[in-house]
Every structure is written in C-alpha cells, then in structure tokens.
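A short worksheet on the structure shown next.
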There are 4 protein chains.
Amino acid sequence: MLIRLGYDIRFEIGQPVPMVTLLSVHPSRRYDLKEPDRVIAEPAVGQVEYTDSFGNICTRILAPSGTLRLTNSTIVEDSGLPDPVNPSAREVPVENLPTETLRFLMASRFCEVDLISPLAVELFGDLPRGWGRVKAICDWVHSKVTFSYPHARPTRTALDVFTERVGVCRDFQHLAITFCRCLNIPARYATGYLGDIGVPLSDSPMDFSAWFEVFLDDRWWTFDARHNAPRIGRVLIATGLDATDVAISTSFGVAKLAHFEVVTNEFG
Amino acid sequence: MLIRLGYDIRFEIGQPVPMVTLLSVHPSRRYDLKEPDRVIAEPAVGQVEYTDSFGNICTRILAPSGTLRLTNSTIVEDSGLPDPVNPSAREVPVENLPTETLRFLMASRFCEVDLISPLAVELFGDLPRGWGRVKAICDWVHSKVTFSYPHARPTRTALDVFTERVGVCRDFQHLAITFCRCLNIPARYATGYLGDIGVPLSDSPMDFSAWFEVFLDDRWWTFDARHNAPRIGRVLIATGLDATDVAISTSFGVAKLAHFEVVTNEFG
Amino acid sequence: MLIRLGYDIRFEIGQPVPMVTLLSVHPSRRYDLKEPDRVIAEPAVGQVEYTDSFGNICTRILAPSGTLRLTNSTIVEDSGLPDPVNPSAREVPVENLPTETLRFLMASRFCEVDLISPLAVELFGDLPRGWGRVKAICDWVHSKVTFSYPHARPTRTALDVFTERVGVCRDFQHLAITFCRCLNIPARYATGYLGDIGVPLSDSPMDFSAWFEVFLDDRWWTFDARHNAPRIGRVLIATGLDATDVAISTSFGVAKLAHFEVVTNEFG
Amino acid sequence: MLIRLGYDIRFEIGQPVPMVTLLSVHPSRRYDLKEPDRVIAEPAVGQVEYTDSFGNICTRILAPSGTLRLTNSTIVEDSGLPDPVNPSAREVPVENLPTETLRFLMASRFCEVDLISPLAVELFGDLPRGWGRVKAICDWVHSKVTFSYPHARPTRTALDVFTERVGVCRDFQHLAITFCRCLNIPARYATGYLGDIGVPLSDSPMDFSAWFEVFLDDRWWTFDARHNAPRIGRVLIATGLDATDVAISTSFGVAKLAHFEVVTNEFG
C-alpha cells in the first residue's frame, strides 16, 4: 500500500525565532519513502538537520519575521497490515532489558512515574505479566478517559489525566505510558501520521497522531490507548519519553500558529 | 591537590532487585583518577557498565536478597582551584547553540519549563544577558529558598520549590535550572562529590552533592544555587536533565537504604 | 435604573439527581427587587430554600428524570452608578478586622494562600497599603492573564492561573483573591449578573459573571480583576470563599447542561 | 472517667502578630468540663473569644514581641466508652440530608472532591451503602498510607496523600474525608485531644490529634483513618471542612513555634 503524507503549516512571526521541528519520517522508515521527504520552507530558510538522542530527525531553522510556511508531500510504502498483535509477547525482567530501553522506565515531564506507582500496582500489579497486562492498561485508559478536542491542554500530565478523565490522544498515551513504566515495562511516546485507513472517516480535521510503544520480548510494539484497536498505516515520525521530546515544532520565542493541515491517506 | 573519594552504602533487600547505580567518577575526569574507580559489591554480584545518553557511566546489577554493600575509595587529582567565574561569558542565541545542548532547554520531570516561563521572564527577562543573569538567578534562588534536610522530598518539583521555598540541594538546582531553560539558556543537573575544602567544616554528615551547569560562550560552567559561591574540589559523577537521570541508585523493586556514608576530603 | 434579569437553564437528567442552586438575587438586594425573584421549574418540583453560612439564598431540588428547565425573570432597581472607587480606603490590621471577615483570609479549594504567600509578598509586599495595593493586584492579574472561553477549566486553581496565564472570569478573581488573602486583606468571591451596561456590547453570549469583594475601612468593596474597570449594574447573587461555594448549580449526580441563557440589561 | 487535658505552647515573636487560636474544648462538651477551660497567656494579652461559622470557639489575640506562652489545664468528664460503632447506620440520600450538612460535601483546600471523584467511585462506588462503606474507606486509607512524622508537610492535599502514600494523622483524614464527599457522604475534619487511653503508650510525644466525622442516619459519627479502631477519650476541640479551618493557631505574620507540649491522660 502506498500512503500519501504531507502537511501545510503556517506560522505568523514577529521577531525572528529559532525553531526545532520534527517533521521528517523516522529513519526506521527511510527505505519505505518513494519520494523525497524534506521540509519545504517558504520563504526559503537555512535548515540544519540533526539526529537527537532518541534517533529522531530534527530540523533547526531560524524563522524570519512574517509568514513562515512549512510544507511537504511524500509517499511512503506500507505493509497495509494492522499493528501486530502478539498476546504471547512477554515482559522482560529489568535485569535482562537491553540497556537502551532503561531510560524508558524513568519519570518525565508528563509521566510522573514516582507519583503513580502505587496506583499502577493496585490496578495492574496482580495481572499476569506480558502483552495482556499492557492491553489491560490500554483498556482501562481507553474506557475511563473521554476524548475531547476542546479539552486539549499542553500542561496536562498523566496524573492530571487520571484525575480529569478527559483529553486528546497525547493524554491517553501519557497515562498508559506511565502505568507501564510503573510496572517496569519500558514504554515510549510516539508521534506520526495516522490516516483513516480501514476505518470510517473521522469528521475531525486530520492531525498528527500520538501512540506509544512498549518493549516486550525483544522488540518494541505499537499500542494506542486512544483508539485501542490495531490500525493500518501508522507512519512514525519520532519517539521520546513523552510529548516534550517530540513536539512537531518547538519555538524558542513567539510563533503564532496560523494554519495547520495534515494529509495522510491511501494513495492510488 | 589530591582528593580522597569514597562511599559505603548498604541496602537491605528482600527479593532480588535490579538496580542501576551512578557511582563512577564522570568520564571527563578519568585521567585525573590516581586509583581505580570501581564499585565494590559485597557480596560480589555481576556488574555491567554502560554509558547512558548523557555520557554518564552507569552500572547495572541484580541485587541479591540480604545485605548489599557498595563501597569504593579512590583518589582524584584536582586543580585545587575554585569553580571558574567569568562575568563576561555570554548567552548563546538558540540558533547558534550546539545541537547537543538543545535538550537542556526542555522541560523534564522536576523542571516544568512550560509552567514557569512567564514567571522567569518577569523576574529575569529584563536583565542583561549573560553570566550576570545566571548569577542573578542563583542569587534569587539562594536567598528565597531555605535549606532544610528534614524537608527533603523526592517528588518536589521546581514549581513546588518556588511555592514551598524550602528544600535540599537538588531543589535549589531544579528551580535555578528551570529559570535558565525558560530564558533559553541550556542548563543541566549535575551530581558528584563536594567536600568541605576551603570552607568551614559542615556539621551535617557528608553526602553527594548536586549543582548545575550552564552553557555560555562555548562551554558548560558550574553554578550552585545552594552554596552560591565558587567551591574547590567538585568531582563530577553525572549530568542529566534533572535528578531523575542521575540518581545514585535507582531500584526497580524494594531496596531499603540501611547505611549511607560518603567521604571526600583533601588527601595527604 | 431598572435592570431586567433572568435566565433559562435546562438540564437533561437520567436518574433523579439532587441539586442545590444559587439563582436568587442576594438578600442584600432584596428591597431593590421590583418583581418576585423565584426559580420557576418545569416540570414543577418541590423546592426548599435555605440560607447558607455565607448568607446566600440556596434552593434545593430533587431533579426528576427528563428535561428540567429553570427559568426566572425579574426586575431590580439599581443606582445606575458604577462600582464605587475610594483610593483612600485603608487596609485594616488583622487584629482590628471584624470577626466575620477572618474566614476570608483563609485558603480554600481554588485559592492556595499557603502556596502563593511568598510570591504575593514579593510582588505586592512593599506597596503602600490600602486601596492602591488591591488595585495593583487587579492590574497585575488583568495584564498578565489572557481571557479565553475555550480555556475554561473547572479544576483550575489560583496557582494554575499564575502558571498558565489564561482563564475565564472566575480564574482572574481566584488569583486576585488569593493575592489579597496572602497580604492579610479579606477577599471573597462574588457571583451575579453583569450586563453590558455603559460599555460596548460584548459579542459573547451573556453569562453569569464573577467578581470579588475586598474588606477595606469598614466595608466590602467590589473589585473585578477581569474587567478591571468600574462597571454599572452588577446584581449580586452570592459570595463565598471561592467558586466552590457559589456555583449556580451543584448536582449530586449526573445532570447534563443542555441549554444556558442569561439575560441582564437595562429595562425601559 | 475524668481526663486531664492541657497544653504548653510557646512562640518566639519578633513583631507583634495577630493570631487566632482554637484551643478551647468544643461547645458540645462544655457541660463535661470540671474545671475552667481558658487560654492562659504569658504575658497576659487581651483575648477575644468568638464562635466561627462551624460553631467552634476561637480566641483572637495580638501576640506581643518576645516569648508568648499559651497554657491551659482542665479536666473533662468522659463516658470512658470507645467511639460508637453502628454497622447498620445508613447513608442519607442527598435530598434528605439536613441543610447544615451540605457544606461538608464540597471541595476544600486539602480535599479536592472534584479531582478524586472518579477514583472514589471506582474504589468504593459498588460497595453497599452505609457504615460499611465508610469503614471500607478507612480500611483502604489506613492500609495504603504509611504514618510518618518526618514526612509531615503542611501543604499536602488529599490527592498528594493518594500519590505519596505517606503522612501524619491529618493526611489520613483528608483522604478519607475526600473519598466520603465524593460519594455524597457528608464528612468533616475534627481536631482535639486523644490520649493513650486503653491502648499501649505511644513512644511519640503527645500531640493534638485529627480524626473525622461522618453523617449517617441522623447524626455525626467518629471515624479515624489513621488509628482505624474505636478509641476511648477523644475530646473534641473543633470541626471544619479540613485542617485549614481548625488549625490550633493561625498567625497572620511570623510566629516561631518554640515549644509544644500536650497533655491528655486519665486522671485520678
């Protein structure tokens, strides 16, 4: 399956402002790209690409005054298969975890592992370990939290999600990630494209999506506490500890978002 | 100057528990070591050393049931000079910052950059940029927060420090770090040895110490919002976003701290 | 001046749910009422009126399944004068405060006096005491916080307002009230009608409004950190420690708000 | 049974500071007093007694510079019976609750009813209503929270208790009270004397104690999530929404607590 991806994002900028964007398809998908994947800026600005400590491709720019438009359109080849499901995948004892997974057990800005651990143990501590326990976490979050765009809030932490019971996709994932980490299951935040492929068309405007990945057996698996069902056509952009690490754009100054459009759909 | 370093830490452990310790002198000081620097565990347990994403040396062990004792004693050569002071050091515009410093502008578990930014701008936004502004931050934190061991609390964030105005060394640094990041000055948490060298002997038992580092001009500089004066004989163990990343030991299960002793003093 | 007041509020109710409403004009205005002021419920339900510990008129009902409509329309006579301004009004030393004002110095759900006191002292502690200090608090809150209906959030506390810098009228008042209490100035939350009288018509739908009252000299004075200008035609419904005490309706069970309309304008 | 009560509290005061103390035995016990119950201040200061909105006896003083000593010693007659237990006591539907109990369903500074409601419903919503449900709440809090004097913290809320799982008696009660209110069971904070009568002597210094009261059937009943067993010899001082309302002393300025001693034991 071929998936057409793209975005059209515009900022209104007063004073020149440095920005870091994470808008490139993740290196793990680089061989699936059928067209170049490069941020097109109007006006043209100098771009510096670098790889952060998580392996994501970041682009630094100094956004000039005026309107800055960032667009892209590319095509990615996809298996067309839904997220793999493996109920027999096992949790790995911490002492056997690969070293590079250990950081995904720690607390982070939006995932207060220290505050939520007793709760996580009470809710999920007695469940059989493995895939089913992660699924139980997703089920819990999915059933207890109500999705609501108007209730989006950039400062909402996992504990806030637990008390407020409302949020957008990032909030669902933050709470589920935190529960996993509390149980010593490495979990990382993921952001990328997810179109309405194989599901009824949503009536919301397309947006980037958040999901999360969990380390079981010997690899990372995709989970999504918001949709809570295997989906077709996720195209990963970035992973990190939480939303802090993988914001589509981080502005070190004032940049007003004036237009935001994401495209991702089956192609041809 | 030679500095004798060491520790004697004991845990009481019921069930075997995986641990990660950060007890090795930082690689940046490796050529200053005059004796081996290696965690000695009693009973002997398998140790795996690795370097985390910040460049710190971490040691993984699976602590067995019973008493686990971790000790070390080594000697490090030190300049004997106090922390360098450079009032003419300049802040670097974000667009010119080295890529590897950018992560130290972000929010983390104990440093809520997003929540504290307006406050930081109000307090320090109008000050001349550079060393003096960081010093003003340290002065503010040092004068507004009261040091108190009994008020130590592992969940206290920078915002909590701001409201509660009490804490231990990590709390001072968390608030100062957060203020710096809010102003787009890269700041990272540091932990290591700091003895009473060149200062009156403290009447508290020796402990590991926290300070922080700020990127100005083209390098990292040491600041310490708790002591707020240049000190002699800091020996770095680790740096990270905040205390989460550089805990002396992180236990993935129950490990009761039964004894804790740190030694660091001028030698010979 | 005569002011027409009224509301039309509808709830959709599954299971019968007990409710307390504060929809009656405050007893201090009872002699200004030119028409009866009584909650009309459709369907008719038993109503019990009582006065709470703040002196507000509360109405208890057991809302039946189905649609519950609460309406009213009354006329109140008003001086037509804007909120009184008295720059020479003085703060009263705590030891001289009337006993009944002391409760309005305390922390409450949305006003964390304990957490915000150091900040309040830093911002306003050195200002001359009296009316001007309260005005300075209102100016500060008014200029630092951005009004935004979409950012309404029922759990936002004064500290949240301070960090998030966004909110609706209740949020402005909560932060200002907390600052006042931190400085030992009694301050209480007020809710009532406030139409667009003497000011340009707002393009938002009419709502109940929040303001606050401060005790100076020997009486309570009206302040409003949101509008921050004297207004004509406030008609008080209730006062309390914070929004918790004076919610228009508090449901002890699920009651879905289906329609909400408030009327208040100059009459005849 | 006769119980000897008393206290010896000393403050060091720089500038004269207004204080409100709640140190008088509650009016509900006035006929049990066998000796006068009056705050003795050294030096003698003017005292004004008043009753707050909860019915507690408060004493206002203007503490002068220097050492202020507040002492008292009195004798109260007590039934000698443990807290009554009535497993058949029923919850009262909100619509039937006495009006004066309604305020004890609301959120307050340390009891975030709004934030904890979903959790309370998940934990206790399916239990049979009545005494047993309140007991289940006490059992839960008692078993999940660890008592620790060194972890006392005046800003800890019920939600903090839930996440931190550590605290002193007030913390246990705040969490239990909040759970009750979330379930529409009126609950109020209580403070008073509780000696080691009928129980082994504690090795902690005597202090005032906190417990809470719950409205079932047609009266308030004593519960204590910290001790979680019926006790003999409670002598009530004050009730309120939470610890904010019933602090033994509230100082509107700086008053350093220099000595604190409470006596309560069986007499003769």
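Letters A, B, ... are given to chains in the order of the sequence lines, protein chains preceding strands, and every chain is numbered from 1. Both backbone and side-chain heavy atoms feed into the values below; hydrogens, waters and symmetry mates do not.
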Heavy-atom closest pair, residues A:P154 and B:D114: O-OD2, 4.4 Å
A:R38 atom CZ, over 12 foreign heavy atoms within 6.0 Å: no
Matching residue for B:R109 among A:R109, A:M106, A:E112 - test: side-chain contact (heavy atoms from CB on, under 4.5 Å): A:E112
Over 12 non-hydrogen atoms of neighbours within 6.0 angstrom of CG in B:N96: yes
Which portion of B:F110 sits near chain A, non-hydrogen atoms under 4.5 angstrom: side chain
Whether over 12 other heavy atoms sit under 6.0 Å from B:R165 CZ: yes
Contacting region of B:Y50 [heavy-atom separation from chain A under 4.5 Å]: side chain
Contact leader toward chain B among A:T155, A:L102, A:L115, A:T250, where contacts are heavy-atom pairs under 4.5 Å: A:L102
Residue B:V20 versus chain A: region with a heavy atom under 4.5 Å: side chain
Options B:V17, B:L62, B:V48, ranked by heavy-atom pairs under 4.5 Å with chain A, top entry: B:L62
Spacing of B:L241 atom CG and A:T244 atom OG1 [to the nearest 0.5 Å]: 9.5 Å
Residue A:R29 excluded, over 12 heavy atoms near CZ under 6.0 Å: yes
Pairwise distance CZ(B:R60) to OG1(A:T99) - rounded to 0.5 angstrom: 4.5 Å
A:R90, CZ: over 12 other non-hydrogen atoms inside 6.0 angstrom: no
Proximity breakdown for B:T157 and chain A, heavy-atom pairs closer than 4.5 Å: neither
